[in-house]
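These notes concern the structure reproduced below.
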Amino acid sequence: MSVVTRFAPSPTGFLHIGGARTALFNWLFARHHGGRFRLRIEDTDRARSTQAAVDAIFDGLTWLGLDWDDEPVSQSARAERHAAVARDLLETGHAYLCFASAEELAAMREVARAAGRPVRYDGRWRDRDPAEAPPGVKPVIRFKAPTEGETSIEDQVQGGVTVANAQLDDMVLLRADGTPTYMLAVVVDDHDMAVTHVIRGDDHLTNAFRQMQLYHALHWTPPEFAHIPLIHGPDGAKLSKRHGALGVDAYRDQAFLPEAMVNYLLRLGWSHGDDEIIDRAQAIAWFDLDGVGRSPARFDLARLTSLNAHYIRQADDRRLVQLVLERLKELSSDEFSGEVRERLLRAMPGLKQRARTLVELADSALFLVRSRPITTDRDSDRVLDAAARGHLAVLRAVLADVPEWEAAALEQAVREHVAATGPGGPKLRDVAQPLRAALTGRTVSPPIFDVMAVLGRSETLGRLTDVLDGDRAD
RNA sequence: GACCCCAUCGUCUAGAGGCCUAGGACGUCACCCUUUCAAGGUGAAAACACGGGUUCGAGUCCCGUUGGGGUCGCCA
């Protein structure tokens with residue numbers, strides 16, 4: 001039997017971290033087994049689901065590179081089928097009409113809570129004749145759940161789990177308005193979609209028992225269940241908006257690469273020995289349910305960032321230039337000429353080596369796109385003291401004489417110059433920092449001779465002139 | 001509260017009874033390399049929640065305690 005997994009988000013307007021990982025695990029499992037990965041939008045709560053909210057989910061998955069098979073199923077479009085199944089259950093005696101009003105139910109819960117008893121529906125309409133129905137009340141269809149014995153599931157992650165049927169009350173299958181509840185809809189949809197493995201958050205574990213009872217009543221073969229532990233916030237509490245329950249789009253905007261996010265999410269709750277850096281192909285080859293852990297994990301931004309730094313270093317330079325340009329446009333009003341793009345591309349190998357995020361990368365590339373005279377930050381100004389300026393004046397002349405404007409030649413010229421000044425003269429470090437400050441306006445940059453090569457002769461000499469002229473103006 | 005799940009360094013984890021003097025990674029701290037910063041290299045501090053069993057032997061199995069989480073809707 002071919003594997004079919006599904007990801008069934010409700011359209012909340014974004015794909016959050018936990019959902020992204022659930023989707024990833026389902027996708028990986030399907031790809032590993034050569035099966036299909038399907039999507040189902042749980043939009044039964046029609047008020048909340050807009051096309052924009054649905055698109056946000058698609059965008060998130062696409063960004064992560066999680067492609068799906070077949071057309072996404074819209075749960076709301078299947079209401080008729082759900083209702084039909086509920087009626088079948090009614091006819092086979094596995095369900096019944098319940099005329100209890102909302103107020104009645106609320107009172108029931110209140111009494112149970114006050115008495116310290118489990119809060120459950122008491123089954124008051126379970127064996128009552130519908131003829132006794134109060135006038136004007138539209139009934140719901142409730143599942144006639146077994147009251148004795150127990151229900152077990154053999155979870156692929158959590159192992160065997162059993163609950164006493166007495167713990168489970170008669171859930172509503174079809175609302176008074178004829179629409180299905182989630183509990184009915186998932187079972188029917190998973191069955192109709194031929195889903196073989198339901199991989200989802202741990203928060204659904206207790207739901208699985210009720211769903212299992214439905215499968216039994218319907219004489220359907222239940223899928224395998226795999227409930228993966230939840231992701232918690234850094235403080236161990238449930239992931240909240242404050243820290244991480246952000247949409248993956250927020251992480252994209254906050255400068256993370258999708259492959260870093262995927263690698264991070266993969267290692268959160270799943271492991272393959274001591275392997276840490278795992279690319280997509282390797283993940284597909286290795287992923288399986290027995291590698292999934294049982295305990296919840298905390299979201300750790302530092303680790304995501306570290307992985308991101310790794311993937312930035314691996315990334316293609318042209319792709320990075322493109323990504324950086326998008327950010328640079330927000331930081332600088334300068335027009336980006338072909339020359340500037342060329343500079344970015346040539347500088348990228350050195351730049352990407354020292355950036356952990358795309359924000360840092362863009363920031364570090366800023367000096368390349370600024371037009372003269374560039375501004376210098378506070379630390380650079382400190383570096384550019386009188387002695388430094390004196391060195392720069394001499395160095396400018398030395399550099400101007402270098403016939404071939406290329407990093408190695410420039411370095412050689414400067415090293416020879418420094419060596420010629422003798423023991424009392426400046427060391428390389430004494431001239432490298434002033435050069436860096438004058439050329440980039442920062443005290444941190446890629447190797448300075450690479451910077452000069454990328455900037456080109458006239459821009460380099462020009463920027464030095466700007467600093468020296470400023471000296472004169474003082 | 002009831003039911004269910006979970007429990008190894010700060011964090012993510014390796015560990016399927018002897019291979020554990022508990023390993024790796026992120027983070028932290030030193031040092032090396034070095035034109036700055038990264039990267040890289042070397043090293044350090046850092047954990048089996050607690051208590052009982054079972055066993056010749058327990059991080060690994062069982063029970064309890066504690067702690068954390070989840071679920072208890074005509075939400076999904």
Side-chain angles (χ1 to χ4, degrees), chain A residues 8-12 42-45 48 75 98 100-102 105-106 109 112-113 116-121 138-142 155 157-159 161-164 166-169 171-177 179-183 185-186 201-209 227 229-230 232 234 236-238 264 267-277 290 293-307 309-310 313 350-356 360 364 379 383 411 414-415 418 427-437 440 442-449:
Chain A
S10 48
T12 49
E42 312 244 300
D43 52 359
T44 348
D45 188 6
R48 238 188 298 168
Q75 190 158 71
C98 169
S101 66
L105 259 19
R109 277 192 279 271
R113 214 187 303 275
R117 287 200 317 271
V119 184
R120 291 190 215 105
Y121 172 69
K138 279 198 163 179
V140 299
I141 295 182
R142 279 186 189 272
D155 194 272
V157 170
Q158 306 292 346
V161 189
T162 299
V163 76
Q167 294 295 327
L168 276 16
D169 64 0
M171 60 183 156
V172 172
L173 261 20
L174 209 62
R175 301 189 185 101
D177 65 1
T179 61
T181 58
Y182 164 79
M183 218 54 91
V186 250
D202 214 358
D203 50 341
H204 286 283
L205 184 58
T206 46
N207 289 334
F209 296 109
H227 290 92
L230 266 19
H232 291 165
K238 191 177 181 179
Y264 176 70
R267 282 291 286 105
L268 212 52
W270 177 86
S271 63
H272 182 273
D274 284 336
D275 295 299
E276 300 287 351
I277 303 290
D290 50 19
R294 283 148 300 268
S295 53
R298 300 186 185 198
F299 187 82
D300 181 9
L301 195 61
R303 196 176 176 81
L304 206 209
T305 304
S306 151
L307 244 11
H310 169 83
R313 273 178 250 129
L351 255 22
K352 71 182 181 185
Q353 182 72 20
R354 52 214 90 215
R356 296 181 306 164
E360 288 180 11
S364 72
D379 289 338
V383 169
E411 175 165 0
V414 172
R415 280 189 187 277
V418 168
K427 300 275 181 261
L428 182 56
R429 60 182 311 142
D430 297 323
V431 300
Q433 275 308 81
L435 279 173
R436 193 183 319 278
T440 71
R442 303 280 181 84
T443 52
V444 173
S445 84
I448 196 59
F449 300 109

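Residue numbering restarts at 1 for every chain, and letters A, B, ... go by the order of the sequence lines.
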So which nucleotide from B:U71, B:C4, B:U35 ends up closest to the side chain of A:D203? B:U71
Counting Watson-Crick and G-U wobble pairs only, both distances under 3.5 Å, name the nucleotide matched with B:G17, or none. none
Please measure how far the P atom in B:C48 lies from the corresponding atom in B:U42, and state the result in whole Å. 27 Å
Using the side-chain heavy atoms of A:D274, tell me which of these nucleotides is nearest: B:C37, B:G24, B:C6. B:G24
Between B:U36, B:U35, B:A38, which nucleotide has the shortest distance from any of its atoms to the side chain of A:I448? B:U35
Considering every strand shown, what is the Watson-Crick or G-U wobble mate of B:A7 when both distances are under 3.5 Å? B:U66
Give none if B:C29 has no partner; otherwise give the nucleotide forming a Watson-Crick or G-U wobble pair with it, both distances under 3.5 Å. B:G43
OP1, OP2 of B:C72 versus side-chain N and O of A:T206: anything below 4.0 Å? no
For B:U36, the Watson-Crick or wobble counterpart (both distances under 3.5 Å): none
Please give the nucleotide sitting opposite B:U60 as a Watson-Crick or G-U wobble pair, both distances under 3.5 Å, or none. none
Looking at B:G1, which nucleotide sits across from it as a Watson-Crick or G-U wobble partner, both distances under 3.5 angstrom, or is there none? B:C72
For the side chain of A:S10 and the backbone of A:E42, is there at least one donor-acceptor N/O pair under 3.5 Å apart? no
Is it possible for you to check whether A:R303 lies under 6.0 Å from the centre of the six-membered ring of A:Y264, through NZ or CZ, and within 45° of that ring's axis? no
